[in-house]
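On a predicted model such as this, the values are computed, not experimentally measured, just so you know. By convention in this document, chain letters (A, B, ...) are assigned in the order of the sequence lines, proteins followed by strands, and residues within each chain are numbered from 1.
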Amino acid sequence: MKPEVSLEEIASLAKRRGFIYQGSEVYGGLSGTWDYGPLGVALKRNIMQLWWKMFVDDLDDMYGVDAAILMNQKVWQASGHTETFTDPLVECSNCHARFRADKIDTSKCPTCGQSGTFGEPRQFNMMFDTTVGPTSTTIKGEGLTVKAIVYNEKDLKVEVPPTNQFNTVKLSDQNATSYLRPETAQGIFTNFKNVVDSFYPDLPFGLAQQGKAFRNEISPRDFVFRSREFEQMEIEYFVDPAKWEEAFEMWRGRIHEWFKALGLPEDKTHELEVPADDLAHYSKRTIDFEFDFPHGRDELLGMAYRTDFDLTNIQKASGKSMEYRPKDGSPAFVPHVIEPSFGVERAIMAVLVAAYTVDEINGEKRHVLKLPKHLAPVKCAVSPLLKNKPELVSKAKEVYGMLKKEFGAVMWDDNGNIGKRYRRQDEIGTPYCITIDFDTLDDNTVTVRDR
RNA sequence: GCGGGUAUCGUACAAUGGCUUCGUAUGCCAGCCUUCCAAGCUGGAGAUGAGAGUUCGAUUCUCUCUACCCGCACCA
């Protein structure tokens with residue numbers, strides 16, 4: 001079932017009214033990046049703050065963390081990202097199917113049956129790599145070794161004598177290589193022990209984090225739905241392995257509350273029980289929570305039972321115990337994990353799609369963003385009924401100043417006539433408009449319009 | 001990454017191998033007017049994605065690049 005709104009309509013509105021722009025637009029853009037304008041950043045922050053309130057501040061069993069984007073590369077080795085992301089991929093030149101070169105017989109394409117259609121395998125890694133600190137390079141020749149600290153390898157020029165008696169040998173410092181995190185989850189797992197040491201919370205408890213993650217997607221798509229830089233809101237909920245199902249169901253319920261808080265209609269959200277043979281190797285159960293986006297039904301957030309996969313990996317790789325010792329003296333164990341993982345951009349898209357409506361009034365189209373009030377970027381617009389009556393304008397300024405100081409997200413609007421202002425505010429989802437008229441001057445009352 | 005499409009004021013559309021380089025609507029800015037749900041008038045700013053080629057002359061034709069949209073693949 002496709003919603004009536006097209007992705008292009010949403011993108012057009014987002015651009016026109018200052019929600020979301022193409023990243024680096026003046027230079028022709030950068031694929032898979034998007035920038036937020038004044039209204040967009042307000043909406044985004046409202047959504048993220050709502051999440052933090054619902055899932056951290058309002059709950060007794062939740063703790064917040066905020067880990068660094070750059071992490072020791074051992075994190076990604078232990079989690080399996082380094083290995084699984086450097087698989088060589090081959091592509092069939094006939095049917096364009098792609099396969100892991102080490103998993104198939106490359107003499108014949110399994111999809112179309114053609115022979116000899118595979119080219120050279122290419123390494124493809126979805127993690128953005130980077131170098132932490134200067135790169136150290138060693139130049140070796142006969143009887144001579146020069147060590148150089150190079151801040152930018154492209155600037156390094158080594159003159160090689162014609163005798164070729166010198167060789168340049170780059171000793172890339174493996175410790176200096178790192179990645180922009182492809183998920184925020186590992187920043188939580190690596191701090192599990194720290195939080196236990198500081199607070200020793202009763203099990204079950206959860207850690208929550210919001211932050212940027214980066215994936216070098218093959219093809220970013222569908223407006224902000226799949227981009228190369230995005231924001232995640234993730235929870236790792238640590239449980240006694242015997243009680244994981246209980247926790248799973250609890251979070252399932254909390255996720256539906258989240259949908260309600262975002263104002264997403266129930267008939268547009270769906271649960272997809274991921275079939276056993278599609279599950280990631282570490283997961284015993286996963287539910288994809290989907291939404292009917294303009295481009296089709298697609299994943300809005302996911303919840304996975306990750307067992308003790310991550311903590312056990314860290315325990316093995318670091319040599320540090322990740323066991324939790326229950327306070328009742330029963331034997332220690334490595335907790336299991338329920339992971340609800342939310343995408344901020346996907347939530348924004350869903351909210352915009354759900355809120356976007358077009359009314360027909362006397363044959364005129366009226367665009368209204370029916371945002372939940374607590375998400376609206378502008379809570380209230382203040383207008384003088386007439387722009388050319390100084391007494392109205394000054395009174396309105398006074399009211400505006402009071403509200404602005406109190407609530408912040410208040411907009412001054414004196415452009416055109418009153419009807420136009422209402423329309424304009426409708427289009428950005430402003431719930432309240434306050435108009436100062438001549439009665440205000442007489443009896444200090446104002447007109448409050450509820451969208 | 002493959003195939004198809006698109007790229008013109010902020011937005012949505014129009015037009016053109018030249019002539020004074022581009023029209024409309026809306027939005028925006030200034031002024032006038034206007035006593036509550038897109039009234040009107042006057043004036044103004046604002047665009048051919050980037051680069052190369054063909055040509056006397058390119059926004060228009062060709063090529064390359066970039067970005068977005070549609071389909072496929074991918075989504076650990």
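- The same atom, C1', is picked in B:rU60 and in B:rU48; the two are 10 Å apart, to the nearest Å.
- A cation-pi arrangement is not found for A:R346 relative to A:F291, the charged atom failing to lie both closer than 6.0 Å to the ring centre and inside a 45° cone about the ring normal.
- Using C1' as the reference atom, B:rG27 and B:rA38 are 12 Å apart when rounded to the nearest Å.
- Residue-level contact check: A:F223 touches the backbone only, with heavy atoms under 4.0 Å from sugar-phosphate atoms and none from bases.
- Straight-line distance from the CZ atom of A:R228 to the C1' atom of B:rC74: 12 Å, rounded to whole Å.
- Across B:rG17 and B:rC22, the matching C1' atoms stand 14 Å from one another, rounded to whole Å.
- Pair assignment for B:rG1: B:rC72, on the basis of Watson-Crick or G-U wobble contacts that are both within less than 3.5 Å.
- Side-chain atoms of A:S219 and base atoms of B:rA73 include a donor and an acceptor less than 3.5 Å apart.
- If you check B:rC65 for Watson-Crick or wobble pairing at under 3.5 angstrom, you find it paired to B:rG49.
- A:N415 has a side-chain polar atom (N or O) that falls below the 4.0 Å cut-off from OP1 or OP2 of B:rC29.
- One can place CG of A:N216 at 18 Å from P of B:rC74, the figure rounded to the nearest angstrom.
- Atom CG in A:L13 sits about 19 Å away from atom P in B:rU26, given to the nearest Å.
- Of the residues A:K370, A:R366, A:R451, the one that meets the side chain to side chain donor-acceptor pair (under 3.5 Å) test with A:D426 is A:R366.
- Side-chain proximity of A:R366 to B:rA76, B:rC37, B:rC68: nearest is B:rC37.
- Comparing B:rC68, B:rG10, B:rU34 by their nearest atom to the side chain of A:S31 picks out B:rC68.
- One C1' atom belongs to B:rU16, the other to B:rA58, and the distance between them is 11 Å to the nearest Å.
- Rounded to whole Å, atom C1' of B:rA50 lies 13 Å from atom OH of A:Y27.
- Between A:R252 and A:E271 a salt bridge is recorded (basic side-chain N to carboxylate O distance below 4.0 Å).
- A:N388 contributes no side-chain N or O that forms a donor-acceptor pair with the base of B:rC33 under 3.5 Å.
- Taking atom C1' on both B:rC29 and B:rG10, the two are 13 Å apart, rounded to the nearest angstrom.
- Among B:rA38, B:rC36, B:rA76, the nucleotide with an atom closest to any side-chain atom of A:N417 is B:rA38.
- Two rings, from A:W251 and A:F55, have their centers less than 6.0 Å apart.
- Cation-pi check for A:R285 over A:Y305 is not met; the charged atom does not lie both under 6.0 angstrom from the ring centroid and within 45 degrees of its normal.
- Here B:rU59 sits opposite no nucleotide as a Watson-Crick or G-U wobble pair (both hydrogen-bonding atom distances under 3.5 Å).
- In this structure, A:K379 forms no cation-pi arrangement with A:F407, as its terminal cationic atom is not both closer than 6.0 Å to the ring centre and no more than 45° off the ring axis.
- Taking the six-membered ring for Trp, A:F238 and A:F205 have ring centres closer than 6.0 Å.
- For the C1' atom pair drawn from B:rA73 and B:rA14, the interatomic distance equals 38 Å after rounding to whole Å.
- Looking at the side chain of A:R215, the nearest of the listed nucleotides B:rA76, B:rA67, B:rC28 is B:rA76.
- Nucleotides B:rA47 and B:rC28 are separated by 15 Å at their C1' atoms, to the nearest Å.
- Nearer the 5' end of RNA chain B, as judged by each residue's closest nucleotide, is the contact made by A:H367, out of A:Y282 and A:H367.
- As rounded to the nearest Å, B:rU59 and B:rC74 have P atoms that lie 43 Å from one another.
- Side-chain atoms of A:R449 lie closest to B:rC37 of the nucleotides B:rC68, B:rC36, B:rC37.
- Taking for each of A:G32 and A:F438 the nucleotide of RNA chain B with the nearest heavy atom, the 5'-most of the two is the partner of A:F438.
- Contact annotation: A:K15 side-chain N/O to B:rG10 OP1/OP2 distance is not under 4.0 Å.
- For the pair A:I10 CD1 and B:rU11 P, the interatomic distance rounds to 16 Å; values are reported in whole Å.
- Less than 6.0 angstrom separates the ring centroid of A:W51 from the ring centroid of A:F342.
- Distance A:I428 CD1 to B:rU11 C1': 16 Å, rounded to the nearest Å.
- Of all nucleotides present, only B:rG31 satisfies the Watson-Crick or G-U wobble test against B:rC41, with each distance under 3.5 Å.
- The distance between atom CG of A:D222 and atom P of B:rC70, rounded to the nearest whole Å, is 5 Å.
- Look at A:D450 and A:K373 and you find a salt bridge, because one of the NZ, NE, NH1 or NH2 atoms lies within 4.0 Å of a carboxylate O, short of that distance.
- The side chain of A:R16 has B:rU11 as its nearest neighbour among B:rU11, B:rU34, B:rA76.
- When both pairing distances are held under 3.5 Å, B:rU21 makes no Watson-Crick or G-U pair with any nucleotide shown.
- Within the 4.0 angstrom heavy-atom criterion, no nucleotide atom of any strand lies near A:G302.
- The base-pairing partner of B:rC36, taking Watson-Crick or G-U wobble contacts with both distances under 3.5 Å, does not exist among the strands shown.
- In this structure, of B:rA12, B:rC69, B:rG71, it is B:rA12 that holds the atom nearest to the side chain of A:S12.
- Nearest to the side chain of A:R424, among B:rA67, B:rG27, B:rA12, sits B:rG27.
- Out of B:rC36, B:rU35, B:rC75, the shortest distance to the side chain of A:L386 is found at B:rU35.
- For A:R423, a side-chain nitrogen or oxygen approaches OP1 or OP2 of B:rA38 to under 4.0 Å.
- Set against B:rC29, B:rC36, B:rG27, the side chain of A:T435 has B:rC36 as its closest nucleotide.
- Within the structure, a side-chain polar atom (N or O) of A:K420 is placed less than 4.0 Å from OP1 or OP2 of B:rG27.
- The interatomic distance linking A:I418 (CD1) with B:rU34 (C1') rounds to 11 Å, in whole Å.
- In this structure, B:rU26 forms a base pair with B:rG10, meeting either the Watson-Crick or the G-U wobble geometry with both donor-acceptor distances under 3.5 Å.
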